[in-house]
Amino acid sequence: ACSTCRCVRARVRVMCDTIVNCICGAAAVDISRLEVGPKLEKIKQCVYGSLPDSMWKSAYDSSYSALASALQQGPLGTLADDLQRVTEIATHTAVLMLSDDNVSVEVLVVSR
């Protein structure tokens, strides 16, 4: 983990051990206290300039727009409620948190 995470871990739960936390540094503490919409915007402000190329920026923009739109639609629900929506939002969240160049999702559907 980056040094910022080690020093704030005792004070408030933040996005420890994430690339976003290391890029945002001390701002991660303030970001962690925001509601989801403003949190997404602040994360974008911190990390967007560090994205390595136009492909990453395009993916980030697409995922940011999808999540902002999803937030306006109301509560997320569960996999059982809306498998496609929940899976898409989970994938877009991974992109916003800079988890990987390639995000893949596997879902096991168990019928009742």
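Worth saying up front: this structure is predicted, and the values here are computed from it rather than measured.
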Novice: Hey, could you give me the CD1/CG distance between I43 and L96, rounded to the nearest 0.5 Å?
Specialist: 7.0 Å
Novice: If we ignore hydrogens and angles and just use 3.5 Å, is the side chain of S65 paired with the main-chain N or O of D61 as donor and acceptor?
Specialist: yes
Novice: How long is the straight-line distance from CG of L67 back to OG1 of T91, given to the nearest 0.5 Å?
Specialist: 10.0 Å
Novice: Check L71 against G37 and note the closest heavy-atom contact, atom names and distance.
Specialist: CD1-CA, 3.9 Å
Novice: State plainly whether the residues K39 and D30 are in salt-bridge range, i.e. N to O under 4.0 Å.
Specialist: no
Novice: Over all heavy atoms of both residues, which pair between I31 and C46 is shortest? Give the atoms and the distance, please.
Specialist: CD1-SG, 3.9 Å
Novice: Suppose the criterion is salt bridge (Lys or Arg N to Asp or Glu O under 4.0 Å): which pairs have a residue in residues 65-86, not counting sequence neighbours?
Specialist: none
Novice: With hydrophobic residues grouped by side-chain heavy-atom distances under 4.5 Å, do V36 and V86 end up in a single group?
Specialist: yes
Novice: Any side-chain heavy atom of L40 sitting closer than 4.5 Å to one from L34?
Specialist: no
Novice: From S69 OG over to H92 NE2, what is the distance, rounded to the nearest 0.5 angstrom?
Specialist: 9.5 Å
Novice: For the side chain of T87 and the backbone of L83, is there at least one donor-acceptor N/O pair under 3.5 Å apart?
Specialist: yes
Novice: Do the numbers put K57 on top of the ring of Y60, so that NZ or CZ is under 6.0 Å from the six-membered ring centre and no more than 45° off the axis?
Specialist: no
Novice: Is the number of heavy atoms from other residues, nucleotides or ligands under 6.0 Å of K42 NZ greater than 12?
Specialist: no
Novice: Are more than 12 heavy atoms from other residues, nucleotides or ligands located less than 6.0 Å from atom CD of E35?
Specialist: no
Novice: Mind checking whether E41 and Y64 have side chains closer than 4.5 Å, heavy atoms only?
Specialist: yes
Novice: When you measure from the side chain of S50 to the backbone N and O of V47, does any donor-acceptor pair fall under 3.5 Å?
Specialist: yes
